Every structure is written in structure tokens, then in C-alpha cells.
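Everything numeric here is computed off the predicted structure, so don't read it as measured data.
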Amino acid sequence: MPQHPSEADRALASLGLIKLGEVDLDGIARHVAQVAARTVPGATDVSITLVAGRRPRTAASTSELAVALDGLQYRYEAGPCLQAAVEHAVVLVSDAARDTRWNLWPAQAAAAGAGSVLSVPMPMREDLDAALNIYGREPDAFDDEAVRVACIFAEHAVVTLDNAYLYDRSVSLVAQMQTAMEHRAVIEQAKGIIMADRRCTPEEAFVALSRMSQDSNRKLRQIAAALVERTQSPSVQRGR
């Protein structure tokens with residue numbers, strides 16, 4: 001039964017209330033999936049598929065059934081959610097038990113309890129595709145109104161997910177840069193310790209660090225950090 005427009009409007013408005021930084025990408029995806037389950041007529045189980053570098057994963061779901069049905073598609077490398085995400089096309093399975101697409105997947109979906117499937121694309125960045133996967137327990141659960149509502153919802157939801165993805169990626173990049181700077185700083189400290197001890201050049205000190213790393217089968221930054229810590233420890237200082 002179609003939802004009253006005001007309910008759909010409230011559902012869409014709730015997406016705009018999410019504050020980036022307070023919830024990560026998967027947390028926002030969970031909220032989107034939950035709201036979609038309440039908004040799209042006929043929906044009983046909802047998930048969101050993200051495809052990055054041809055590697056799909058379920059970022060959020062409202063049930064174990066949705067996770068299981070998504071997982072089967074990833075295993076077979078075929079199914080409505082993957083087709084919707086990659087081809088940017090709406091895919092409707094009116095009666096899973098009678099559908100002959102994607103080999104064995106429709107029959108297995110029907111046996112698991114999904115009579116209908118509606119997958120709506122959510123095009124994001126060039127390196128990321130997504131789909132909103134909506135499962136119905138009965139055949140013909142999604143009429144034209146349900147498809148319309150799902151498409152409108154997906155258009156709004158993709159903006160929220162896209163912003164969250166960019167925010168997460170920016171935060172991750174900053175963290176990586178900060179870590180790289182910290183690693184470089186400790187390596188430079190270790191080089192200085194070796195240069196002072198051996199009276200060698202920066203290049204020779206780096207070669208010595210590299211040999212220590214190879215001989216101990218440990219990362220260069222770990223060797224450098226251990227050397228700096230050992231040099232700065234009170235016991236070493238007292239021994240001088």
C-alpha cells in the first residue's frame with residue numbers, strides 16, 4: 001500500500017539531518033537502509049551494496065536475509081544488485097521463483113523467503129558504484145508506485161552517501177599523511193643517532209637502518225622507533 005507523500009518527505013528529510021564526522025560511511029548506510037525499509041511500499045528487507053574496484057560488499061542491511069542474498073550474488077558474480085550497481089539501471093524481479101536470470105540465484109532467493117526484489121542504482125564516484133537492494137517477502141510486492149518511491153529515495157540517499165564517502169576518504173588521507181610524517185620523523189631521528197655514533201653520512205645511516213630492517217625482518221619504521229626509544233630511555237642515559 002503506497003505511503004502518504006508526507007511520510008516519504010519526512011523520510012527524505014531525515015537524511016539531511018545526518019552530521020558527517022559523527023557517523024562513518026557504514027553507519028550512514030545503515031541509516032539509509034533502515035529509512036528505506038520504512039519508506040518503500042512492500043519492502044521487508046533492505047541492503048546497500050558498494051562496489052569498489054569490482055569488489056562488492058554489503059555496507060548495511062536491515063536483516064540477515066538481505067546479507068545472505070547479497071552474499072550469494074557476490075559469490076556468483078551476478079544478480080540484481082550487482083547489475084543495478086554496475087549498469088546504473090533499475091532491476092525488478094517480480095517473482096523470484098519464476099525468474100530465469102542470473103542462473104540459480106532467483107530460485108535460491110525465493111527458497112530463502114524473498115518473493116520479489118527491487119534494486120535501484122545509486123551512482124557515486126568514478127571508483128565506486130552502489131545499489132539500494134529492496135527485498136519483498138511475497139511475489140509482486142513492488143508496484144509502479146513502489147518503484148517510483150524507491151527511485152526518488154535513492155536519488156536523495158546517494159547524495160548523503162557520496163558526501164559521507166568523500167568525508168571518510170578525506171579523513172583517511174589526512175590520517176595517512178600524518179602517519180607518514182610521524183614515520184619519517186622517527187626515521188630521521190634514528191639516522192641522526194647512527195650518524196652521531198658512527199660518524200657517517202645520512203646515506204650511510206639509512207643503509208645501516210635498512211640492513212637492520214632486513215636482518216631482523218621488521219619494518220624500517222619499527223627498527224627506527226626501537227632505536228630512538230632505546231636511546232632516549234633513562235637506563236641508556238644513565239649508562240653514558
*Asks:* Sequence neighbours left out, what passes salt bridge (charged side-chain N to carboxylate O under 4.0 Å, His left out) with R101? Give chain and number order.
*Replies:*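 R101: salt bridge (charged side-chain N to carboxylate O under 4.0 Å, His left out) contacts with D99.
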
*Asks:* With rounding to the nearest 0.5 Å, note down the distance linking CG in L72 to CG in N103.
*Replies:*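 With rounding to 0.5 Å, CG (L72) is 12.0 Å from CG (N103).
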
*Asks:* Are the charged groups of D70 and R75 less than 4.0 angstrom apart, N to O?
*Replies:*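 No salt bridge links D70 with R75.
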
*Asks:* Ignoring hydrogens, what is the shortest heavy-atom contact between D26 and A60? Give both atom names and the distance.
*Replies:*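 Nearest heavy atoms, D26 then A60: O-CB, 4.3 Å.
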
*Asks:* Taking side-chain hydrogen bond (donor to acceptor under 3.5 Å, both in side chains) as the definition, give me every residue that meets it alongside S63, ordered by chain and number, with sequence neighbours left out.
*Replies:*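 side-chain hydrogen bond (donor to acceptor under 3.5 Å, both in side chains) list for S63, sorted by chain: D45.
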
*Asks:* Measure the spacing between CZ of R137 and OG1 of T44 and express it to the nearest 0.5 Å.
*Replies:*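 If we round to the nearest 0.5 Å, R137:CZ and T44:OG1 are 4.5 Å apart.
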
*Asks:* In the structure I gave you, are the side-chain heavy atoms of F153 and L132 within less than 4.5 Å of one another anywhere?
*Replies:*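 Yes - at least one pair of side-chain heavy atoms lies under 4.5 Å apart.
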
*Asks:* Partners of R148 by salt bridge (charged side-chain N to carboxylate O under 4.0 Å, His left out), sequence neighbours excluded?
*Replies:*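 R148 satisfies salt bridge (charged side-chain N to carboxylate O under 4.0 Å, His left out) with E145 only.
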
*Asks:* Just how far is it from atom OG1 of T160 to atom NE2 of H156, taken to the nearest 0.5 Å?
*Replies:*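 Rounded to the nearest 0.5 Å, the OG1-NE2 separation comes to 9.0 Å.
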
*Asks:* Between T49 and T58 (side chain of the first, backbone of the second, donor and acceptor by atom type, cut-off under 3.5 Å), is there such a pair?
*Replies:*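 No, T49 side chain to T58 backbone: no donor-acceptor pair under 3.5 Å.
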
*Asks:* Applying salt bridge (charged side-chain N to carboxylate O under 4.0 Å, His left out), name anything that partners E188, two or more places apart in sequence or on another chain.
*Replies:*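 E188 satisfies salt bridge (charged side-chain N to carboxylate O under 4.0 Å, His left out) with K191 once adjacent residues are dropped.
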
*Asks:* Once salt bridge (charged side-chain N to carboxylate O under 4.0 Å, His left out) is applied, do any residues pair with D95, and if so which ones, sequence neighbours excluded?
*Replies:*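 D95 satisfies salt bridge (charged side-chain N to carboxylate O under 4.0 Å, His left out) with R98 once adjacent residues are dropped.
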
*Asks:* Going through the distances and angles, do R30 and T62 end up as a side-chain contact (heavy atoms from CB on, under 4.5 Å)?
*Replies:* CA-CA 8 Å; R30 282 194 296 273; T62 62; over 6 Å; no

*Asks:* Please say whether more than 12 non-hydrogen atoms of neighbouring residues, nucleotides or ligands are located less than 6.0 Å from CG in D215.
*Replies:*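 More than 12 within 6.0 Å, yes.
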
*Asks:* Checking Y74 against C81 for the side-chain contact (heavy atoms from CB on, under 4.5 Å) test, could you report, in this order, the C-alpha distance in whole Å, the side-chain angles of both residues, the deciding distance, and whether it holds?
*Replies:* CA-CA 9 Å; Y74 307 156; C81 75; 4.1 Å; yes

*Asks:* Are the side chains of P202 and F206 in contact, using a 4.5 Å heavy-atom criterion?
*Replies:*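 No, side chains not in contact.
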
*Asks:* Could you verify whether a donor N or O on one side chain and an acceptor N or O on the other, from Y135 and S47, lie under 3.5 Å apart?
*Replies:*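 Short answer, no.
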
*Asks:* Does any N or O in the side chain of S94 come within less than 3.5 Å of the main-chain N or O of D140, such that one atom is a donor and the other an acceptor?
*Replies:*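 Checked: no pair found.
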
*Asks:* Take atom CD of Q222 as the centre, draw a 6.0 Å sphere, and report whether it contains more than 12 heavy atoms from other residues, nucleotides or ligands.
*Replies:*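 Enclosed: over 12 neighbouring heavy atoms sit under 6.0 Å from CD of Q222.
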
*Asks:* May I have the step-by-step check of side-chain contact (heavy atoms from CB on, under 4.5 Å) for Y76 and L82, ending in yes or no?
*Replies:* CA-CA 10 Å; Y76 294 147; L82 294 180; over 6 Å; no

*Asks:* How long is the span from the CD atom in E77 to the CZ atom in R54, to the nearest 0.5 Å?
*Replies:*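 Spacing of CD (E77) from CZ (R54) equals 10.0 Å.
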
*Asks:* Just verifying a value: how many Å separate T39 OG1 and I152 CD1, rounded to the nearest 0.5 Å?
*Replies:*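 One gets 11.5 Å once the value is rounded to the nearest 0.5 Å.
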
*Asks:* Determine yes or no for a side-chain-to-main-chain donor-acceptor pair under 3.5 angstrom, with W105 supplying the side chain and L69 the backbone.
*Replies:*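 Yes, because the side chain of W105 sits within donor-acceptor range (under 3.5 Å) of the backbone of L69.
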
*Asks:* Using the side-chain contact (heavy atoms from CB on, under 4.5 Å) rule, take S61 and I48 through it: C-alpha gap first, then chi angles, then the decisive distance, then the call.
*Replies:* CA-CA 6 Å; S61 69; I48 293 177; over 6 Å; no

*Asks:* To the nearest 0.5 Å, what is the distance between CG on L92 and CG on L118?
*Replies:*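 Taking CG in L92 and CG in L118, the distance rounds to 6.0 Å.
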
*Asks:* Not counting sequence neighbours, which residues clear side-chain hydrogen bond (donor to acceptor under 3.5 Å, both in side chains) with S119? List them please.
*Replies:*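 side-chain hydrogen bond (donor to acceptor under 3.5 Å, both in side chains) check on S119 returns N133.
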
